[in-house]
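These numbers were taken from a predicted model, which means no experiment stands behind them.
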Number of protein chains: 2
Amino acid sequence: MGNQKLYKGSLQTIILKLLAQNDKMYGYEITQKVKELTKGELKITEGALYPALHKLEAEGMLDVEVAKVGNRLRKYYKLTEHGTKETVNKLAEMQEFLKTMQQLVNPKFSLE
Amino acid sequence: MGNQKLYKGSLQTIILKLLAQNDKMYGYEITQKVKELTKGELKITEGALYPALHKLEAEGMLDVEVAKVGNRLRKYYKLTEHGTKETVNKLAEMQEFLKTMQQLVNPKFSLE
DNA sequence: TTTTATACATAAGAAAATTATGTATATATT
DNA sequence: AATATATACATAATTTTCTTATGTATAAAA
């Protein structure tokens with residue numbers, strides 16, 4: 001996990017993708033889900049997550065719904081219509097980025 | 001090219017990889033090579049490149065050799081022994097990052 | 001002759017994270 | 001019963017890494 005800094009710039013896309021496949025999620029749940037899906041490779045910190053969620057909400061990509069579970073509160077986030085459209089774009093951009101980087105760092109490329 | 005910010009954090013690795021396969025290169029050459037290899041997808045700006053080269057040099061990853069071509073100067077950079085070792089690590093980290101991100105954003109993943 | 005390309009560099013500012021800190025409840029461990 | 005860990009939110013200070021703007025200078029092309 002010395003590659004945490006490579007994830008810089010991809011947090012928004014990760015959040016949007018998770019919400020696209022899970023309908024609604026709350027912050028803490030997102031951190032746990034990412035840890036699980038990446039087998040501990042990526043640990044989203046609260047200092048990164050919450051500001052990112054607030055920003056996505058401010059941009060109209062997410063709607064919030066506060067729920068009380070026991071005596072503790074949760075903020076459930078879900079994609080707005082706009083957010084759903086943007087998710088498609090962000091995922092396409094991510095795929096292109098991954099493809100380009102793969103070509104750049106692929107050992108085979110040195111044989112050209 | 002709305003995905004320039006996804007490249008944040010990967011510049012060092014890109015530079016090292018290019019130097020691993022080209023022995024020695026100068027700054028401007030690197031910007032052109034990246035533009036060519038990525039078909040214009042990624043344009044490295046001077047404001048990002050030169051500080052990055054200076055940092056790699058300060059860290060003992062690169063050696064510099066100044067050359068005069070015509071009346072203009074070039075600074076050729078090449079990997080040090082330490083830089084060569086670090087390149088291997090950085091490339092491994094990059095591969096792991098790409099693999100993880102691929103899994104995270106892969107549409108198929110939503111079928112689990 | 002004026003624009004574009006080559007070739008370096010740095011400074012100001014923005015974006016996105018890390019690290020540290022804070023509050024509070026719930027559960028597990030000793 | 002006491003303490004540590006997990007759950008759940010949040011923000012502030014700082015750092016990293018970039019973009020944008022600016023500067024200098026030579027060479028080639030329009």
- With sequence neighbours excluded, tell me which residues meet salt bridge (Lys or Arg N to Asp or Glu O under 4.0 Å) with B:Glu46.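 Checked B:Glu46 against salt bridge (Lys or Arg N to Asp or Glu O under 4.0 Å); zero matches.
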
Figure out the [atom1]/[atom2] separation between [X] and [N], and round it to whole Å.
{"X": "A:Ile44", "N": "D:dA8", "atom1": "CD1", "atom2": "P", "value": "16 Å"}
{"X": "B:Lys33", "N": "C:dA7", "atom1": "NZ", "atom2": "P", "value": "15 Å"}
{"X": "B:Glu36", "N": "C:dA5", "atom1": "CD", "atom2": "P", "value": "16 Å"}
{"X": "A:Leu6", "N": "C:dT18", "atom1": "CG", "atom2": "P", "value": "12 Å"}
{"X": "B:Glu29", "N": "C:dA7", "atom1": "CD", "atom2": "P", "value": "9 Å"}
{"X": "B:Lys8", "N": "D:dC18", "atom1": "NZ", "atom2": "C1'", "value": "4 Å"}
{"X": "A:Asn3", "N": "D:dT17", "atom1": "CG", "atom2": "P", "value": "13 Å"}
{"X": "B:Met25", "N": "C:dC8", "atom1": "CE", "atom2": "P", "value": "11 Å"}

- Message: If you take the centroid of each ring, where Trp contributes its six-membered ring, are A:Phe97 and B:Tyr7 closer together than 6.0 Å?
- Response: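 That pair passes the under 6.0 Å test.
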
- Give a yes or no on this: more than 12 heavy atoms of other residues, nucleotides or ligands lie within 6.0 Å of atom CD of B:Glu81.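 Open.
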
So which atom in [X] and which in [Y] form the shortest heavy-atom distance, rounded to 0.1 Å?
{"X": "A:Ile15", "Y": "A:Ala52", "result": "CD1-CB, 3.9 Å"}
{"X": "B:Lys33", "Y": "B:Leu18", "result": "CG-CD2, 4.2 Å"}
{"X": "A:Asn106", "Y": "B:Gln95", "result": "CA-NE2, 4.3 Å"}

- Does the side chain of A:Lys5 get closer than 4.0 angstrom to OP1 or OP2 of D:dT17 through an N or O atom?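 So the side chain of A:Lys5 is within the cut-off, an N or O lying under 4.0 Å from OP1 or OP2 of D:dT17.
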
- Message: Between A:Tyr28 and D:dA6, is there a contact of a side-chain N or O with OP1 or OP2 at under 4.0 Å?
- Response: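 The answer is no; no side-chain N or O of A:Tyr28 sits under 4.0 Å from OP1 or OP2.
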
- Nucleic acid contacts of residues 69-77 of chain A, taken as heavy-atom distances under 4.0 Å to DNA chain D: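 A:Arg72, A:Leu73, A:Arg74, A:Lys75 - these, ordered by number, are the residues of the stretch whose heavy atoms sit under 4.0 Å from the strand.
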
- Item | Residues within residues 47-60 of chain A bordering DNA chain D, heavy-atom distance below 4.0 Å |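 By residue number: A:Gly47, A:Tyr50, A:Pro51, A:His54.
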
- Item | Chi angles and distances behind the side-chain contact (heavy atoms from CB on, under 4.5 Å) call for B:Leu98, A:Leu6 | CA-CA 9 Å; B:Leu98 292 175; A:Leu6 293 174; over 6 Å; no

- Query: Counting any heavy atom closer than 4.0 Å, what does B:Glu46 reach on the DNA or RNA strands: base, sugar-phosphate only, or nothing?
  - Reply: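 The residue B:Glu46 makes base contact.
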
- A:Lys24, A:His54, A:Glu57 screened by side-chain contact (heavy atoms from CB on, under 4.5 Å) with A:Val64, the one that passes: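 So, applying the side-chain contact (heavy atoms from CB on, under 4.5 Å) to A:Val64 and each of A:Lys24, A:His54, A:Glu57, only A:Glu57 qualifies.
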
- Report the nucleotide, chosen from C:dA7, D:dT7, D:dC18, that has the shortest atom-to-atom distance to any side-chain atom of B:Leu11.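 Looking only at side-chain atoms, B:Leu11 lies closest to D:dC18.
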
- State, without any angle test, whether B:Lys99 and B:Gln103 hold a side-chain donor-acceptor pair at a distance under 3.5 Å.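 Side-chain D/A pair, B:Lys99 to B:Gln103: absent.
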
